[in-house]
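Residue indices begin at 1 and follow the sequence shown. Nothing here was measured: the structure is a model prediction, and the numbers come from that model. First listed ligand is number 1; within each ligand, the first listed atom is number 1.
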Amino acid sequence: MTQVAIECVQGNIANQPDIDAIVNAANARLMPGSGVAGAIHSAAGPGLAEECRDLAPIEPGQAVISGGHNLPNARVIHCLGPVYGVDTPSEELLADCYRNALGLADREGLSSIAFPAISTGVFGYPIEEAAEVAVAAIRKASPGLTSVRLIRLVLFSDDDLAVFRSALAATPPET
Ligand code: AR6
């Protein structure tokens, strides 16, 4: 079977035109916010918030899918990450976000997905811990994917990129 490629890049999650679905680090109401949610909603236009009204609210760890509206991507997968140390166990809930988003993308027949570093901004998850959880969850889910062939992690800063790259290098692929 073809391997799933996992890559880390520095960039803006709302500017990944070669990807089928981008993941939103959402709030429970799936409304525009700051950070990732702000960038995605402003690039998608008001139609995204309108569609999201019927999908909300969501729980920590959950993922739901919408259209991409004015984004270059066909779909947006909205995940509610845990607020670090408040929504517990934070590690499990953060892993659930990655696992559930990948499962949704795969069931929808999508071949590529891009994630931001969920929960590491406003929700306060330390970047090193979040990188370990994200990479472990992605490695674990990858062998079960039949449609998704590219998983991209999009980090906002060079420092965060370095942390995710070393977490990825430190974790062997599951067989
Ligand atoms: N592209 C990629 N990464 C980004 C971008 C971007 N355009 N903007 C910020 N980041 P956050 P959370 C990084 O706060 O912690 C919102 O208000 C950022 O540096 O967007 O899950 C929602 O409405 C950080 O590393 O998401 C929720 O209420 C990471 O993306 C709440 O914040 C996540 O930062 C969600 O908080």
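When heavy-atom distances to ligand 1 are checked against a 4.0 Å cut-off, Ala39 comes that close only through its side chain, counted from C-beta outward.
At under 3.5 Å, not a single nitrogen or oxygen of Pro32, backbone or side chain, sits near a nitrogen or oxygen of ligand 1. Residue contacts with ligand 1: Ile118 is placed with no nitrogen or oxygen under 3.5 Å of a nitrogen or oxygen of the ligand (distance criterion only). For the pair Leu155 and ligand 1, the shortest N or O to N or O distance does not fall below 3.5 Å. Note: an N/O pair closer than 3.5 Å links Ile13 and ligand 1 by distance alone. By the 3.5 Å distance cut-off applied to N or O atoms, Met31 is not counted among the residues near ligand 1.
At least one donor-acceptor pair under 3.5 Å links the side chain of Asn12 to the backbone N or O of Ala14. Between the side chain of Ser66 and the backbone N or O of Cys52 there is no donor-acceptor pair closer than 3.5 Å. Remark: side-chain polar atoms of Asp106 are paired, donor with acceptor, to backbone N or O of Thr146 under 3.5 angstrom. For the pair Ser90 (side chain) and Gly85 (backbone), a donor-acceptor distance under 3.5 Å is present.
Taken together through direct or relayed side-chain contacts under 4.5 Å among Ile, Leu, Val, Met, Phe, Trp and Tyr, Leu110 and Ile6 form part of one hydrophobic cluster.
Using a 4.0 angstrom heavy-atom cutoff, Ser119 counts as in contact with ligand 1. Not a single heavy atom of Ser157 sits under 4.0 Å from any atom of ligand 1. Assignment of Gly124 to the shell around ligand 1 is not supported, since no heavy atom sits closer than 4.0 Å. Taking a 4.0 Å cut-off on heavy atoms, Ala117 registers as neighbouring ligand 1.
The local environment of CZ in Arg139 is crowded, with over 12 non-hydrogen atoms from other residues, nucleotides or ligands closer than 6.0 Å.
For atom 6 (C) of ligand 1, the nearest non-hydrogen atom of the protein is Phe156 CE1, 3.4 Å. For atom 20 (O) of ligand 1, the closest non-hydrogen atom of the protein is Val36 N, 2.8 Å. Closest to atom 7 (N) of ligand 1 among all protein heavy atoms lies Asn12 OD1, 2.8 Å. Looking from atom 25 (O) of ligand 1 to the surrounding protein, the closest heavy atom is Thr120 OG1, 2.7 Å. Considering only non-hydrogen protein atoms, atom 15 (O) of ligand 1 sits nearest to Gly121 N, 2.8 Å. Among all protein heavy atoms, the one lying closest to atom 14 (O) of ligand 1 is Val122 N, 2.9 Å. What sits closest to atom 26 (O) of ligand 1 on the protein, heavy atoms only, is Ala25 CB, 3.6 Å. Protein heavy atom at the shortest distance from atom 23 (O) of ligand 1 is Asn27 ND2, 2.7 Å.
Applying the 4.0 Å criterion to heavy atoms of Gly11 picks out, from ligand 1, the atoms 1 (N), 2 (C). The contact set between ligand 1 and Gly33, taken as ligand atoms under 4.0 Å from a residue heavy atom, comprises 17 (O), 23 (O).
Within the model, atoms CZ of Phe115 and SG of Cys97 stand 9.0 Å from one another, a figure rounded to the nearest 0.5 Å. In this structure, CG in Leu93 is found 7.5 Å from OG1 in Thr88, a value given to the nearest 0.5 Å. Remark: His41 NE2 to His78 NE2 distance equals 6.0 Å, nearest 0.5 Å. Leu94 contributes atom CG, which lies 11.0 Å from atom CG of Leu80 (distance to the nearest 0.5 angstrom).
Considering only heavy atoms from C-beta on, Gln16 stays 4.5 Å or farther from Ile113 through its side chain. Between Glu59 and Gln62, the closest side-chain pair of non-hydrogen atoms falls below 4.5 Å.
A salt bridge links Asp18 with Arg152; the closest basic N to acidic carboxylate O contact falls under 4.0 Å.
Protein heavy atoms are absent from the space less than 4.0 angstrom from atom 18 (C) of ligand 1.
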